[in-house]
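As structure tokens, the structure follows; a few thoughts come after it.
The structure displayed is predicted, hence computed values, not measured ones. First listed ligand is number 1; within each ligand, the first listed atom is number 1.
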Amino acid sequence: MVYCTRRGGKRMYCRVIVDIVHENVAKPFTYLIPEGMKLTEGQRVAVPFGRHEKEGIVTEITGVCDVAPEKLRAVLRPLEDYAAVPPELMALAREMAEQAHCPQAETLRLMLPAQMRGGRVRIKTVRTVRLNVSTEKAEEAVRADKREGKRSNLLKILSDGQTKTVPELSCLVRDPGEALKKLEKDGLIRITEEEMLRKPTGAYAEATDPGYKLTAGQREALEEILPCLSGKGGRFLLHGVTGSGKTEVFMKAVRETLDLGKCAIILVPEIALTPQMVSWFRGRFGAEAAVIHSRLSAGERYDEWRRIHRGEARVVIGARSAVFSPVLNLGLIVIDEEHENTYFNERHPQYDTREVAASRCSRENATLLLASATPSILSFARARRGDYILLEMPHRVNNRPLPDVEIADMRQELENGNRTVLSNMLRKALKECIERGEQALLLMNRRGYNSFVSCRTCGYVVKCPNCDISMTYHIGNADGKLRCHYCGYETNPPTVCPECGGHYIRYFGAGTQKVEEEVNKFLPGVPTVRMDYDTTGTKDGHGKILEEFRSGKARILIGTQMIAKGLDFPQVTLVGVVAADIALHLPDYRSRERAFQLFTQVAGRAGRGKESGRVIIQTYTPQDPVIGFAARQDYRAFFESEFRRRRNGLYPPFTILARLLIESTKDEKAAEAADRLEKEVQDLLNKRTEWRKKVLTVLKDSPSVRYLKSKYRRHIIIKALVSPETDGFFGKLTELAASGAEGAEVNFEINPTTMM
Ligand code: ADP
Ligand code: ZN
């Protein structure tokens with residue numbers, strides 16, 4: 001809706017969120033709309049602010065002025081002639097700011113390409129030419145032009161009445177510049193500057209459909225989803241084993257959405273890791289698909305955003321931030337691999353993409369489709385409660401079998417004198433795989449700064465007596481200690497196993513490099529490639545490594561969890577999980593969930609081609625139920641056991657874990673700030689009994705990573721019950737964090753993906 005300055009002679013005002021993140025400017029400011037200026041909610045404007053000019057977004061148009069006349073200033077100009085943030089996204093930004101207890105300026109920033117702010121991208125334009133007179137008039141002019149030069153040639157070309165760009169004309173007539181100018185001056189043609197969109201991929205592929213005969217699972221899932229697309233939407237959790245053909249379900253649902261005249265957003269964990277998915281979508285939807293990824297240039301990103309905003313691209317595929325795409329008439333949001341951590345945005349403003357998507361879908365009557373082979377405990381619990389409709393695809397397409405999973409008992413290996421990271425079973429399997437000309441993946445999920453302590457004889461892992469969480473070894477100034485990161489319990493590392501009395505107490509320490517070294521020693525001359533945080537730092541590091549493997553140049557790919565996600569390499573027939581225990585015993589209540597997801601996902605990379613696959617999980621704790629669930633690939637059994645454990649231990653989703661994270665370049669400053677904040681938290685709880693009742697623990701501690709990115713760290717961990725009072729308390733803590741501390745940075749994080 002467009003309002004004018006004066007309606008019935010009345011002066012009109014607008015409220016503007018100024019694009020500065022500062023506590024004092026969290027609220028909208030009122031400005032006068034100058035006479036004749038047309039503005040609408042969601043439009044970006046330039047406004048005077050102090051002695052500067054700032055950008056802002058109009059949140060409201062009103063006839064009421066709430067500032068003193070002498071303080072009132074006027075909007076300088078609109079930055080675009082349209083609302084950059086459509087009404088649905090304005091409402092979303094408002095809601096998110098409330099929930100994250102942060103200024104709206106922060107959430108509004110999510111809704112716009114970063115490059116748009118501060119006028120950093122220029123719209124690329126092209127000059128277009130069109131007749132300004134009737135075709136008859138133009139033909140007359142051609143006849144009158146005796147010299148038959150450029151001018152009459154140009155007129156002849158244009159006399160079909162179509163608009164041509166100057167570059168197009170230059171291909172037909174050499175250096176048309178002067179001639180065009182003359183024709184324009186004579187009033188025969190019109191030249192205008194028009195916006196041109198950069199197309200990041202150049203030519204689009206033809207839209208093709210492989211015409212699969214749907215599997216029974218795919219058909220049943222679609223029978224549920226499709227009817228919702230034309231109505232008020234629905235919420236689904238698609239639980240389909242690896243290779244069950246979930247992508248094809250997305251494609252069909254998107255197709256239907258488009259046919260209904262609506263738009264779709266497809267979210268993937270990391271676009272760099274899902275090149276196949278992207279090419280499938282591009283192939284199927286051609287120019288209607290917009291792909292948002294981090295390697296787009298600023299201009300390309302902005303242009304993709306424009307294509308979406310103008311309704312030219314109706315399918316958007318991208319990582320979490322694509323959930324804010326300004327599509328018109330949203331019909332469907334798909335979240336693939338919904339269990340992935342990347343959907344949680346930890347820093348400013350904190351949000352969970354799944355929640356944002358759910359909020360958008362219900363506001364815009366769209367359908368939400370979460371999908372995974374290993375749904376998060378939270379989502380599956382919701383599905384079971386009836387918040388989502390559960391769709392299951394338990395079989396792979398073409399009745400391809402799931403890979404066989406075997407367990408290598410590393411305790412046995414030790415007994416047999418093998419002290420290396422590779423069991424004999426895995427060595428033998430690797431050798432055979434390479435000899436057959438196939439490829440292998442080795443997962444080594446080692447995080448450098450984490451370790452756990454276990455008995456090599458019986459597999460006992462030292463756990464906190466209060467928390468059922470493996471303890472982390474901390475090296476102190478004088479001696480080492482084992483500590484629980486949740487309750488603060490501390491103990492000395494055992495020299496003798498309390499379970500079996502064995503003396504082989506070891507700190508698990510091997511990483512991907514060690515594994516690669518071992519493989520190279522064992523299979524000299526077999527090319528390997530390593531993919532982890534260290535090797536993928538460069539631009540397109542992922543792509544290069546994956547290409548080396550895909551082309552067959554490298555035969556064995558060794559990597560961290562990065563290699564578990566979404567890859568479809570038909571030559572891979574062997575997957576080895578080198579040290580399952582590392583993932584399993586991370587000091588985090590989610591370690592079991594993540595371990596199960598990781599094992600299942602990586603196992604799913606095997607046997608996707610014609611040859612069937614084999615998976616070997618190496619562990620010192622073969623009796624651990626999670627290993628068993630993973631080996632049987634039994635998600636349901638895993639879910640039941642984990643859900644029960646969470647409930648008994650009062651972990652999320654039954655409670656909320658939050659923390660104040662304090663970081664400083666000076667250790668004393670961090671410590672001081674932590675002491676003061678802890679006291680303030682306690683004071684708050686003493687003053688407000690309704691808050692105290694909901695808070696289970698408050699613990700000041702050093703995170704396991706005490707020094708990160710040149711900063712010393714402390715944190716205060718808070719475990720609380722899920723309740724409106726807790727929301728209020730957390731709002732207060734957010735304010736506390738925002739007001740900061742001397743010489744230290746403070747962040748308040750609710751259910752962060754890591755407590756390290
Ligand atoms: P998921 O995401 O569930 O692991 P994908 O979507 O990657 O599985 O599908 C696995 C493979 O099966 C892909 O190569 C895909 O093209 C193929 N596929 C999907 N549906 C069918 C079908 N109905 N018939 C034949 N092949 C299919
Ligand atoms: Zn504990």
Backbone or side chain, does any N or O of Glu248 fall under 3.5 Å from an N or O of ligand 1? no

For ligand 1, which atoms sit closer than 4.0 Å to a heavy atom of Leu214? 23 (N)

Atom 20 (N) of ligand 1: nearest protein contact (heavy atom, Å): Gln218 NE2, 2.9 Å

Strictly below 4.0 Å, N to O, side chains only: are Arg427 and Glu518 in salt-bridge contact? yes

Taking Ser379's backbone N and O only, do any of them form a donor-acceptor pair with Glu338's side chain (distance below 3.5 Å, no angle check)? no

Looking only at distance, does Arg400 have an N or O less than 3.5 Å from an N or O of ligand 1? no

Between Glu340 and Arg320, does any side-chain N to carboxylate O distance fall below 4.0 Å? no

Given Asp336, Val397, Val241, Asn398, which one has a non-hydrogen atom that is nearest to atom 12 (O) of ligand 1? Val397

Take the angle between the ring planes of Tyr589 and Tyr651 and call it parallel below 30°, perpendicular above 60°, tilted in between. parallel

Test item: Gln561 side-chain N/O and Val602 main-chain N/O as donor-acceptor pair under 3.5 Å: no

Which of the atoms of ligand 1 are close to Thr242, meaning less than 4.0 Å from one of its heavy atoms? 4 (O)

How does Met393 reach ligand 1, if at all, at less than 4.0 Å between non-hydrogen atoms: by side chain, backbone, both, or neither? neither

I'd like to know if the side chain of Tyr212 reaches the main chain of Gly245, judged simply by a donor and an acceptor atom lying under 3.5 Å from each other, with no hydrogens or angles considered. no

Does any N/O atom on Arg608 come nearer than 3.5 Å to any N/O atom on ligand 1? yes

re atom 4 (O) of ligand 1, the protein heavy-atom contact at minimum distance is Gly243 N, 2.6 Å

Is the shortest N/O to N/O distance between Gly240 and ligand 1 below 3.5 Å? no

Any idea how Phe638 and Phe596 line up, ring-wise: parallel (<30°), tilted (30 to 60°), or perpendicular (>60°)? parallel

Atom 3 (O) of ligand 1 [closest protein heavy-atom partner, distance rounded to 0.1 Å]: Lys246 NZ, 2.8 Å

Heavy-atom nearest neighbour in the protein, as seen from atom 9 (O) of ligand 1, with distance rounded to 0.1 Å: Gly245 CA, 3.5 Å

Within a distance under 4.0 Å of any heavy atom of Lys213, pick out the atoms of ligand 1 and give their elements. 22 (C), 23 (N), 24 (N)

Could you check atom 14 (O) of ligand 1 against the protein and tell me its nearest heavy-atom contact, residue, atom and distance included? Asp568 OD2, 3.7 Å

Is it true that the side chains of Glu270 and Thr342 contain a donor and an acceptor less than 3.5 Å apart? no

Among all the protein's non-hydrogen atoms, which is closest to atom 26 (N) of ligand 1, and how far away is it? Tyr212 CE2, 3.3 Å

Below 4.0 angstrom from a heavy atom of Thr247, which ligand 1 atoms are there? Numbered from 1 as shown, please. 2 (O), 5 (P), 6 (O), 7 (O)

Measure the acute angle between the ring planes of Trp305 and Tyr302, then classify it against the limits of 30° and 60° as parallel, tilted or perpendicular. parallel

Please step through salt bridge (Lys or Arg N to Asp or Glu O under 4.0 Å) for the pair Glu548 and Lys544, ending with a clear verdict. CA-CA 6 Å; Glu548 206 175 324; Lys544 285 196 196 114; over 6 Å; no

